[in-house]
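To start, the structure itself, in structure tokens.
Side chains included, hydrogens not; waters and symmetry mates left out as well; all remaining heavy atoms used. Chain naming here is simple, since letters A, B, ... match the order of the sequence lines and numbering starts at 1 in each. In this text the structure is predicted, and so the values were computed from the model without any measurement.
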Number of protein chains: 2
Amino acid sequence: MKNKIVRIKDIAEKAKVSTGTVDRVLHKRGRVSKKVEEKVLKIIEEMDYEPNLMARALGSNKIYQIAALIPDHEIDFYWHAPKAGIEKAEKDLKQYGIIVQQYVFDPYDVDSFISKANKLTTDKPDGIILSPIFYRETLPFFEKWKVAEIPFVLFNTQIAECEPLSYIGQDSYQSGFLAGKLIHYGQPDSCSILIAHIDEETSNAAHLLKKEQGFRNYFAQNNLDHQYKILRVELNRSNAAVFMKQLGDIIDSTPDLGSIFVTTSKAHEIAKYLEQRYIKHIKIIGYDLLPPNLYFLNKGTISFLINQNPKGQGYWGIYQLTDSLVFKKEVPIIKYLPLDIVTKENANYYVDDEDAVYLDI
Amino acid sequence: MKNKIVRIKDIAEKAKVSTGTVDRVLHKRGRVSKKVEEKVLKIIEEMDYEPNLMARALGSNKIYQIAALIPDHEIDFYWHAPKAGIEKAEKDLKQYGIIVQQYVFDPYDVDSFISKANKLTTDKPDGIILSPIFYRETLPFFEKWKVAEIPFVLFNTQIAECEPLSYIGQDSYQSGFLAGKLIHYGQPDSCSILIAHIDEETSNAAHLLKKEQGFRNYFAQNNLDHQYKILRVELNRSNAAVFMKQLGDIIDSTPDLGSIFVTTSKAHEIAKYLEQRYIKHIKIIGYDLLPPNLYFLNKGTISFLINQNPKGQGYWGIYQLTDSLVFKKEVPIIKYLPLDIVTKENANYYVDDEDAVYLDI
DNA sequence: TAATTTAATGTGTTCGTAAACATTTTGCTG
DNA sequence: CAGCAAAATGTTTACGAACACATTAAATTA
């Protein structure tokens, strides 16, 4: 078993050409006769050549500008984690010539998004990572980037038809389905269940609807429809009084309410409300390990959180772009991160740690 | 903000010495006057020099032999996953000059272990990864390796006092604690619960006892002792008839048995038994995503599996050794992998897939 | 103080690849 | 078939660090 590492030079020797020719074949730079190209390709195949990524990155010695188009974490704290992931990746990958430029927009202001997206586009980066939270407004940019041949990676929100280099995030439908299971498991007896969409317009946020659909389908597929009554509500904290009243009305008018499934990262708002009213029998399941959510998780007010791994999403986005740009690797078009079930007893393994290390197998 | 990457050459210029001198300072090779050394160190600090790991690995061009001392997966399928992780890591890290030599022993035969460990030791590898399932018999080897200055990494089974380069695995106590929570959550009413240790001597497997302790402490700390009656049993499949009889006796004599917590990867044995007897109301929680476990998880016979991520353990072990040997990075002494809660609805994100992606925070 | 050892520092080559540059071969036109 | 452009192929250097080797300066000895 010869384990010797095959180099370009070895291929060149075997093909009786120079390393330059092999290089041209490898990179499809042309200027190689068809006959020679075929021969070299065949030998590359035969010898099972694998490029030395270190030498490649070292030799090419390029700087890759990656643009990150992300919502302002000071406006919505949820975006703090992706930002942290992006920055961690930038730090880890700096040595490969990766530099990330952040374009931060207001997640509640479409114009801000468009403005930043325009600026980004004129800056002509080598790659783009973004969370396309404004569906309609993002589409024309996808076209521009495709024309300019700038690869882009989506995270958090999936838009299948835009043909990104990669999408990184969760399967919203399946996460709703999972939430159904968790509620059913902890609530074997007949009761009412509330789906709460908080602070987001479901009409403009397809992923929330997918979660709801998955959730409902869990009960439907398991023939539990007769056992549970599923309610839904859309709440908005912009008016605190209305928020409280709406929630209170539902709770008061639904005495057998057993669980609440919060489709956004705002489960802590429900938890706060229930605590204030000393309601203890209603179970909450929500998303994301934000500090206020973790607080109520540790108190037991929230039973489970499904981790969307937002930091990992940011990290992986940059990582995939690097794999593609620097190492010319193929990257998976869809990269679903696991649906981590987080509860008080295992939370500390998932919470964001400065020294977090990411690893890909 | 100058983002230029600092090279040894830059340091040398600033310090008005040659790159060789800087190199000697960086590697503490001596032969440098104290005055110069201090100056160079100061400049390294000032300029925030970070070595280019690719250039380093490329330049040194060393082959690192890593020895993996692992149980035979054909005897216990559990070890298939760590082996796969090790092999995946070897493939990924081959380009950094990592070669892994496997020393496979019979997990039920101490002599086999000793023999392979001896062979390994005489081969003088540059690093070692092992799962020290035989506590007493491993201790003298730790001493030998320490004398020979060969770093070793433990996985799966932790031995704190041997001072390994790193331990990779789970917090057994906490995983038992988590199992307690999962059972409690799904079984709010008073009932009996069985802890089942299958196919392993608890006297020789401290981690199983830790799991049991964590499990019991969950109920104790939450003042649930009066509500649940916790039983325990040690079963062994070596005699199938005895196994069935023991299990049957417990089930028959405990009409209010609500859940079974299996501390090993053999939950499927319990599931098989319950199915044969058409018992559906007893919930099972176990460990590890082995095919038979997944089979019963998907059928709903097993409620949850706690994933020990054995493939990740193998992968990480090699990875940590590489970080230490090739890149001279500091590696964490203890690396606890997350306690993944796996159920039918999220299992496919955790099962071993050739292109599996591991992500650690 | 010249000779010689030893400490201190400098220089050049190497790793595998990329890419600029240099040379040779081919094909075509007049 | 000379002349020349274009295509094909070969050669060299650079990337950043490691390390062997070469050189210089300082210290010691005769």
State whether Thr21(A) places a side-chain N or O below 4.0 Å from either non-bridging phosphate oxygen (OP1 or OP2) of dG10(D). yes

Ignoring backbone atoms, test whether Ser33(A) places a side-chain nitrogen or oxygen under 4.0 Å from the OP1 or OP2 oxygen of dA7(D). no

What is the distance, rounded to the nearest whole Å, between atom NZ of Lys328(B) and atom P of dA18(D)? 9 Å

Should Ile11(B) and Val25(B) count as side-chain neighbours, where that means a heavy-atom distance under 4.5 Å? no

Find the distance Arg24(A):CZ to dG10(D):P and express it as a whole number of Å. 8 Å

Before giving the answer on side-chain hydrogen bond (donor to acceptor under 3.5 Å, both in side chains), spell out for Gln320(B) and Lys335(B) the whole-Å C-alpha distance, their side-chain angles and the decisive distance to 0.1 Å. CA-CA 10 Å; Gln320(B) 304 259 51; Lys335(B) 176 166 192 59; over 6 Å; no

Hey, which sits more toward the 5' end of DNA chain D by its nearest nucleotide, Ala55(A) or Gly20(B)? Ala55(A)

How many Å lie between NZ on Lys62(B) and P on dA17(D), as a whole number? 17 Å

Do the ring planes of Phe113(B) and Phe141(B) sit parallel (below 30°), tilted (30 to 60°) or perpendicular (above 60°)? perpendicular

When rounded to whole Å, the NZ to C1' distance for the pair Lys35(A) and dT9(D) reads 14 Å

Checking all strands, does Leu58(B) fall into the base, sugar-phosphate, or nothing category for heavy-atom contacts under 4.0 angstrom? base

How many whole angstroms separate atom CD of Glu37(A) from atom P of dA7(D)? 15 Å

State whether Arg7(B) places a side-chain N or O below 4.0 Å from either non-bridging phosphate oxygen (OP1 or OP2) of dA17(D). no

Tell me whether the side-chain N/O atoms of Lys34(B) come closer than 4.0 Å to OP1 or OP2 in dA8(C). no

Which of Val40(B), Val6(B), Ile43(B) passes side chain to side chain contact (heavy atoms under 4.5 Å, CB included) with Tyr49(B)? It is Val6(B)

Just how far, in rounded Å, is C1' of dA18(D) from NZ of Lys9(B)? 16 Å

Report which part of the nucleic acid Arg29(B) touches: base, sugar-phosphate, or nothing (heavy-atom distance under 4.0 Å, all strands). sugar-phosphate

If you assign each of Ser18(B) and Ser60(B) to its closest nucleotide in DNA chain C, which residue comes earlier from the 5' end? Ser18(B)

Rounded to the nearest angstrom, tell me the gap between atom CE in Met54(A) and atom P in dC15(C). 13 Å

Using a 4.0 Å heavy-atom cut-off across all strands, classify Asn52(B) as base, sugar-phosphate, or nothing. sugar-phosphate

In whole Å, I'd like the distance from the CZ atom of Arg56(B) to the P atom of dG16(C). 18 Å

Over 60° means perpendicular and under 30° means parallel, so tell me whether Phe142(A) and Phe152(A) are parallel, tilted or perpendicular. parallel

N or O in side chain of Arg31(B) less than 4.0 angstrom from dA7(C) OP1/OP2: yes

Upstream residue (5' side of DNA chain C) when Ile8(A) and Gly30(B) are each assigned their closest nucleotide: Gly30(B)

Are any of Tyr96(B)'s side-chain N or O atoms less than 4.0 Å away from OP1 or OP2 of dG16(C)? no

